[in-house]
Amino acid sequence: MNTKPDEELLALWVEDELDEASAASVEEWAISQPEWVELREQARWSKSLLGSNLPAEEEVPHAEFFNARISREIRIEQERSAPAASVSKGQRMPWAWLMPATAAAGIALGFMLGHDGSPAQDLAPATVSLSPVLYTPEKGVDAEYVASNDATVILLAGVDAIPDDWEIPETAMLEPEPSRMADNGERHRHRHGWGQDNAKQSDNSRARH
Amino acid sequence: MGGVRTMPNNLTTPEPAINHSELNRSGNPITSMNRRSIFAFILMACLPAQLIAADPGRDTVGHIKMHVYYGTNGDPDAAGKKAVALDEPTTKLLRSQEKLNFNHYRKLGSDHQPVYRSYENWAQPFPGSDEILCRFEVESLTSKEALRLDLELWLSRKKILKSGVVLSTGKPVLVLGPEWRGGNLIISVELAPKE
């Protein structure tokens with residue numbers, strides 16, 4: 001081969017991962033390329049250096065191994081954090097950098113290996129808050145909620161008294177009957193305040209009385 | 001010259017056909033264009049009724065009962081002749097609440113209104129009077145026997161109280177209201193039991 005091989009072929013040649021035929025053809029080209037020969041020699045040296053310290057193959061530990069290691073590290077961290085409240089700002093805990101990584105690793109492993117572990121705990125059912133939310137738009141008026149088993153009691157304070165001359169209308173219903181929609185077609189207002197719509201009508205009615 | 005109007009750009013438009021035998025209320029002849037307009041108006045007027053009938057927001061999800069009571073430690077007759085005495089369970093309920101404990105009670109007015117799925121409604125215990133009103137609207141359906149409502153109490157045409165409360169059957173909302181004739185008004189709002 002007299003032309004420069006492609007990048008992929010060269011990379012495999014540098015790593016000594018080509019078959020004999022391809023390696024021979026690249027070797028023929030590399031004779032005139034001392035920098036590439038040097039590059040391959042460096043790669044071979046690095047490989048031998050790493051190979052002497054690390055095994056070629058290693059079995060991946062089971063999931064429990066990681067969980068156990070993470071739990072152990074968390075336990076160690078918690079034991080150290082108890083007296084660490086008096087640690088000054090200038091002192092850094094030796095395993096402080098491990099906490100975020102440990103938490104992230106635990107979350108990732110737990111997500112990936114969730115089907116191998118124990119069943120997920122049932123979430124607590126959502127509860128409805130029974131305490132009322134109170135708001136009094138009028139200035140000087142306050143509302144207080146009093147908890148009770150039999151009723152929801154709200155105490156208003158600061159409300160103007162109703163004039164003593166106000167009489168119960170003749171139309172007051174003391175025995176309420178379920179209203180029919182047809183009868184109340186004029187009563188309910190969609191998205192508009194009764195008070196706002198009928199303020200003028202009330203003024204007129206009061207003027208008549 | 002009759003029958004054709006000359007428009008700018010030499011466009012002409014025929015005058016609408018006039019049926020002199022048909023006249024509207026003003027004595028003007030009803031033209032075919034007017035007839036089509038009337039038909040279109042009637043059609044448009046009928047459509048909203050059908051749309052309203054199909055609106056699921058108008059479904060009733062419950063009924064509320066609103067009562068106005070008068071509580072006093074003085075003369076209960078001050079409430080007037082139209083006021084009536086309370087029944088025993090209601091009296092017992094009111095007396096069990098420390099701040100609502102009075103010597104005498106009277107019922108002044110009531111109203112019973114449906115709660116719509118997605119529309120507000122108003123309760124008016126004194127029809128014809130806007131002295132005491134209650135506006136309510138569903139916030140959520142917490143269960144079959146309870147509703148979370150946005151409840152507003154209007155007194156003398158002013159919004160006095162706005163509250164988000166959970167209303168359930170057998171557990172009313174009791175509001176100690178303003179003073180009146182030596183006593184206090186007590187407004188009760190409760191969810192009516194489902195029949």
Side-chain angles (χ1 to χ4, degrees), chain A residues 128-138 141-146 148-181 184 187-196 198-199 201-203 205-206 209, chain B residues 58 63 65-67 79-80 82-84 93 96-100 107-114 116 119-122 124-131 133 135 142-143 146 148 154-167 171-181 185 192:
Chain A
V128 176
S129 170
L130 299 179
S131 300
V133 177
L134 304 179
Y135 170 60
T136 51
E138 281 292 308
V141 176
D142 292 318
E144 178 188 351
Y145 163 64
V146 177
S148 169
N149 292 332
D150 303 322
T152 301
V153 180
I154 299 172
L155 307 176
L156 291 178
V159 184
D160 293 337
I162 294 193
D164 288 348
D165 58 355
W166 177 75
E167 291 285 349
I168 301 172
E170 293 294 327
T171 51
M173 293 184 293
L174 294 175
E175 293 297 330
E177 295 177 358
S179 66
R180 286 172 294 177
M181 280 186 64
N184 291 283
R187 258 214 237 165
H188 62 263
R189 294 286 182 266
H190 306 308
R191 314 290 183 215
H192 295 291
W194 177 285
Q196 297 169 10
N198 293 274
Q201 296 179 13
S202 317
D203 289 338
S205 65
R206 281 182 181 274
H209 291 117
Chain B
R58 288 180 169 266
H63 289 83
K65 289 184 182 177
M66 180 181 179
H67 307 285
K82 284 193 62 63
V84 298
L93 172 65
S96 66
Q97 314 302 324
E98 180 186 353
K99 298 292 184 181
L100 305 181
K107 180 188 277 190
L108 305 182
S110 297
D111 197 5
H112 187 147
Q113 291 291 336
Y116 300 120
Y119 287 96
E120 67 178 27
N121 201 357
W122 291 78
Q124 188 181 25
F126 307 114
S129 170
D130 54 3
E131 192 62 40
L133 298 170
R135 176 200 158 276
T142 54
S143 69
R148 177 173 281 279
W154 290 67
L155 300 176
S156 304
R157 286 176 291 125
K158 287 184 288 187
K159 188 192 300 186
I160 297 299
L161 174 69
K162 184 176 174 69
S163 63
V165 294
V166 176
L167 214 58
K171 190 173 180 182
V173 171
L174 300 173
V175 181
L176 180 64
E179 294 179 357
W180 180 63
R181 294 187 180 179
L185 298 186

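Worth saying up front: this structure is predicted, and the values here are computed from it rather than measured. Sequence lines set the chain letters: A, B, ... in the order given, protein chains first and strands last, and positions in each chain run from 1.
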Here the pair of heavy atoms bringing A/A161 nearest to B/P178 is CA-CB, 4.3 Å

If every non-hydrogen atom of A/I162 is compared with every non-hydrogen atom of B/W180, which pair is closest and at what distance?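 That would be O-CD1, 3.4 Å.
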
Select, from [options], the one with the greatest count of heavy-atom pairs under 4.5 Å involving chain B.
options: A/V133, A/L134, A/V159, A/V141; value: A/V133
options: A/T136, A/N149, A/V153; value: A/V153
options: A/D150, A/D160, A/D165; value: A/D150
options: A/A143, A/P163, A/G158, A/P137; value: A/P137

With a 4.5 angstrom heavy-atom cut-off, could you sort out which part of [X] is near chain A: side chain, backbone, both or neither?
X: B/I160; answer: both
X: B/L100; answer: side chain
X: B/A79; answer: backbone

With rounding to the nearest 0.5 angstrom, report the [atom1] to [atom2] distance, [X] to [Y].
X: B/R181; Y: A/E167; atom1: CZ; atom2: CD; answer: 4.0 Å
X: B/L161; Y: A/D142; atom1: CG; atom2: CG; answer: 11.0 Å
X: B/S163; Y: A/I154; atom1: OG; atom2: CD1; answer: 4.5 Å

Quick check: do B/Q97 and A/V146 have side-chain heavy atoms less than 4.5 Å from each other? no

B/K162 atom NZ: more than 12 heavy-atom contacts under 6.0 Å: yes

